[in-house]
Asker: 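Got a structure for you, written out below as structure tokens; questions coming shortly.
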Amino acid sequence: MRNVKEKAAMLVLLALAIAIICVAVKIYTEVRRIGAAEQGEQENTEDASLHRGQGFAGESAEDGVVDFSMLKEKNPDIFAWIHIPGTSVDCPVLQSEQSDTFYEEHNAYGEEDDAGAVYTELANLTSMCDFNTVLHGKTGADGNGLFADLYRFADPQFFEGHEIVRVYLDGNVLTYEIFAAYERENTSLIRTYDFTYLSGCQEFLNDLYGTRDMGINLREGWENVNAYNYVITLTTQKEENPDSQFVVVAVLVEDAAGTIERVVTE
């Protein structure tokens with residue numbers, strides 16, 4: 001009788017042990033599945049953020065700090081970082097000594113990439129001391145791209161609610177106010193206007209203000225930007241409309257380190 005009871009007890013314990021193992025295996029499998037899903041979601045988010053203009057080397061200007069030592073280790077062509085609050089524009093700015101269009105087909109790591117990077121041409125100083133520093137970035141056919149959000153400034157309501165562009169330099173932060181956004185012919189601003197002379201700067205501004213009847217968004221109070229100001233022009237274009245480009249123009253309103261200056265040639 002005792003042996004029967006012992007065998008029965010052992011069977012119960014064995015069944016309990018098997019049940020515990022099965023539950024443990026199920027929990028382990030579920031944890032692995034959730035972990036894999038979260039990792040995949042994180043990777044997809046990181047990939048998406050990189051194509052939106054965020055996430056280069058894990059850096060962002062959302063916190064108001066940019067680590068240029070780390071950035072230059074990744075690519076010495078990086079000389080600035082641009083951030084437009086309220087948009088996905090949050091990425092490095094580069095200038096290549098090889099070619100003005102090198103970063104048209106290379107990303108911020110210097111790798112071949114159709115998404116490109118945000119860049120300036122060699123005609124512009126990396127000190128940001130030119131009258132007009134022109135920054136180029138792509139808008140992809142799928143509506144993504146480093147500068148795709150510039151098209152949001154075509155909406156008057158969005159334009160009114162988003163004024164600030166910040167450009168971070170090593171040791172300085174420049175704050176610009178967006179005063180114009182409009183569509184123009186897809187020609188090179190650097191080659192169309194001679195920004196080294198007062199006359200070229202004024203010609204650009206005359207043409208800008210001359211587009212008032214052609215759908216330009218112009219911020220009230222900035223109707224008289226002149227050739228002695230400092231402006232940046234952000235340019236992008238849609239692949240399906242190669243004959244025109246969309247530009248967002250901003251004027252310098254704060255130079256934290258007080259280093260932005262130039263000699264104006266009449």
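Excluded from the calculations below are hydrogen atoms, water molecules and symmetry mates; all remaining heavy atoms, backbone and side chain alike, are included.
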Asker: Are there over 12 heavy-atom neighbours, none belonging to Glu240, within less than 6.0 Å of that residue's CD?
Answerer: yes

Asker: Judged by modelled atom types alone, do Gln202 and Asn206 share a side-chain donor-acceptor pair under 3.5 Å?
Answerer: yes

Asker: Is there a path of hydrophobic side-chain contacts, each under 4.5 Å between heavy atoms of I/L/V/M/F/W/Y residues, joining Leu125 to Phe102?
Answerer: no

Asker: Which residue pairs pass the ring pair (Phe, Tyr, Trp, His ring centres under 6.0 Å) test when at least one of the two sits in residues 221-255, sequence neighbours left out?
Answerer: Tyr151-Phe246

Asker: Which label fits His136 and Tyr119: parallel for a plane angle under 30°, tilted from 30 to 60°, or perpendicular past 60°?
Answerer: tilted

Asker: For the residue pair Leu218 and Tyr182, establish whether any side-chain heavy-atom pair is separated by less than 4.5 Å.
Answerer: no

Asker: Report whether Tyr197 and Val231 are members of the same hydrophobic cluster (ILVMFWY, side-chain heavy atoms less than 4.5 Å apart, transitive linking).
Answerer: no

Asker: Looking at Glu59 and Lys74, is any side-chain nitrogen of the basic one under 4.0 Å from a carboxylate oxygen of the acidic one?
Answerer: no

Asker: Quick one: does any side-chain atom of Asp100 pair with a main-chain N or O of Leu122 as donor and acceptor, under 3.5 Å?
Answerer: yes

Asker: Check whether the side chains of Ser244 and Asn186 place a donor and an acceptor atom closer than 3.5 Å, and report yes or no.
Answerer: no

Asker: Please determine if Asp67 and Lys72 form a salt bridge, counting it only when a charged side-chain N lies under 4.0 Å from a carboxylate O.
Answerer: no

Asker: Using only heavy-atom distances, determine whether the side chains of Thr120 and Gln95 contain a donor-acceptor pair under 3.5 Å.
Answerer: yes

Asker: Is the closest side-chain donor-acceptor distance between Asn124 and Asp130 under 3.5 Å?
Answerer: yes

Asker: To the nearest 0.5 Å, what is the distance between CG on Asn107 and CG on Asp114?
Answerer: 10.5 Å

Asker: Hey, is Glu105 close enough to Lys138 for a salt bridge, meaning N to O under 4.0 Å?
Answerer: yes

Asker: Stepwise, does the ring-ring contact (aromatic ring centres under 6.0 Å, His included) test hold for Tyr109 with Phe56?
Answerer: CA-CA 9 Å; Tyr109 293 101; Phe56 174 80; 4.3 Å; yes

Asker: Measuring from Thr87:OG1 to Ile164:CD1, what's the distance to the nearest 0.5 Å?
Answerer: 12.5 Å

Asker: Take Glu121 and Arg191 through the test side-chain contact (heavy atoms from CB on, under 4.5 Å) and record every step on the way to the result.
Answerer: CA-CA 11 Å; Glu121 299 175 51; Arg191 290 163 181 76; 2.6 Å; yes

Asker: Kindly write out the residues that satisfy side chain to side chain contact (heavy atoms under 4.5 Å, CB included) with Thr101, not counting sequence neighbours, or none if the list is empty.
Answerer: Ser99, Glu104

Asker: Thr235 versus Leu135: any side-chain heavy-atom pair under 4.5 Å?
Answerer: no

Asker: Once rounded to the nearest 0.5 Å, what's the spacing between atom CZ of Phe204 and atom CG of Asp194?
Answerer: 14.0 Å

